[in-house]
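To keep things clear, I will list the structure first and then write my remarks on it.
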Amino acid sequence: QVQLVESGGGLVQAGDSLRLSCAASGRTFSRYAMAWFRQAPGKEREFVAAIGRSGGTTYAVDSVKGRFTISRDNAKNTVYLQMTRLRPEDTAVYYCAARAGPYSVIEALYDYWGQGTQVTVSS
């Protein structure tokens with residue numbers, strides 16, 4: 001069992017930066033690939049970025065490449081999403097997720113989810 005708690009969301013202006021954190025419980029964090037998803041109002045939840053168990057491999061959706069960076073600190077049981085040059089279209093609830101295995105872009109393959117943190121970007 002893994003519990004995930006996101007933090008770091010907030011209200012910012014376009015062009016600003018935010019760093020989201022996701023703290024995981026348990027001593028087996030390094031066994032889980034981690035990902036960030038987001039859900040904008042009226043839209044389905046979508047994949048944002050993922051990172052492998054060791055942190056050596058990452059993948060991000062095209063719309064955030066070059067602006068968002070996913071990273072992890074296995075000693076701290078934490079995964080991060082550094083977001084720069086934020087745009088109004090980045091406004092969403094951001095969720096972190098964990099799966100026991102390699103990372104995936106498929107939501108249904110993730111076993112554990114956090115409660116989400118709101119990111120609002122004003123124009």
message = So S17 and Q82, do their side chains get closer than 4.5 Å, heavy atoms only?
response = yes
Pairwise distance CD(E44) to CZ(R38) - rounded to 0.5 angstrom = 14.5 Å
Sidechain N-carboxylate O distance under 4.0 Å for K65, D62 = yes
message = Would R19 and Y80 count as a cation-pi pair here, with the cationic atom under 6.0 angstrom from the ring centre and within 45° of the axis?
response = yes
ask   = Of the non-hydrogen atoms in F68 and V48, which two are nearest, and what is the gap between them?
value = CD2-CG1, 3.9 Å
ask   = Distance-only, no hydrogens or angles: does the E6 side chain make a donor-acceptor pair with backbone N or O of Q115 under 3.5 Å?
value = yes
query = Atom SG of C22 and atom CZ of R72: how far apart are they, to the nearest 0.5 Å?
reply = 10.0 Å
task = Please confirm whether the backbone N or O of V12 pairs with a side-chain atom of S122, one donor and one acceptor, at under 3.5 Å?
result = yes
Candidate pair V93 and T117, rule side chain to side chain contact (heavy atoms under 4.5 Å, CB included), full reasoning = CA-CA 5 Å; V93 177; T117 186; 6.0 Å; no
message = Closer than 3.5 angstrom, by distance alone: can the side chain of N74 be matched with the main-chain N or O of R53 as a donor-acceptor pair?
response = yes
ask   = Side chains of Y59 and I51: closer than 4.5 Å at any heavy-atom pair?
value = no
Heavy-atom pair of closest approach, residues F47 and A35 = CE1-CB, 4.3 Å
message = Centre-to-centre under 6.0 Å for F37 and Y95, is that the case here?
response = no
ask   = Is it true that atom CD of Q3 has more than 12 heavy atoms of other residues, nucleotides or ligands lying nearer than 6.0 Å?
value = no
note = Closest non-hydrogen atoms of D111 and R99, given as atom of the first, atom of the second and distance, are OD2-CA, 3.3 Å
request  = Decide yes or no for R45 and E107: does some side-chain heavy atom of the first lie under 4.5 Å from some side-chain heavy atom of the second?
outcome  = yes
ask   = Under the 3.5 angstrom rule, does the side chain of Y110 hit a backbone N or O of S104 as a donor-acceptor pair?
value = yes
ask   = Quick one: are T69 and L81 in side-chain contact, heavy atoms under 4.5 Å?
value = no
ask   = Which distance, rounded to the nearest 0.5 Å, do you find between the CG of N77 and the OG of S25?
value = 8.0 Å
message = Run R67 and D90 through side chain to side chain contact (heavy atoms under 4.5 Å, CB included) and show every step you take.
response = CA-CA 11 Å; R67 299 190 299 123; D90 295 319; 2.7 Å; yes
query = Closest heavy-atom contact between L18 and L86?
reply = N-CD1, 4.0 Å
note = For V119 and G9 the tightest heavy-atom approach is CG2-CA, 4.1 Å
task = Check whether any side-chain heavy atom of F29 sits under 4.5 Å from a side-chain heavy atom of K76, and report yes or no.
result = no
task = Determine, step by step, whether D16 and R85 satisfy the salt bridge (charged side-chain N to carboxylate O under 4.0 Å, His left out) criterion, reporting the C-alpha distance in whole Å, the side-chain angles of both residues, the deciding distance to 0.1 Å, and the verdict.
result = CA-CA 6 Å; D16 286 350; R85 292 183 282 145; over 6 Å; no
query = Which atom names give the shortest non-hydrogen contact between G52 and Y103, and what distance separates them?
reply = N-CD2, 3.7 Å
request  = Can you measure from CG (L4) to CH2 (W113) and round to the nearest 0.5 angstrom?
outcome  = 10.0 Å
message = Donor-acceptor check, side chain of T91 to backbone of V121, threshold 3.5 angstrom: yes or no?
response = yes
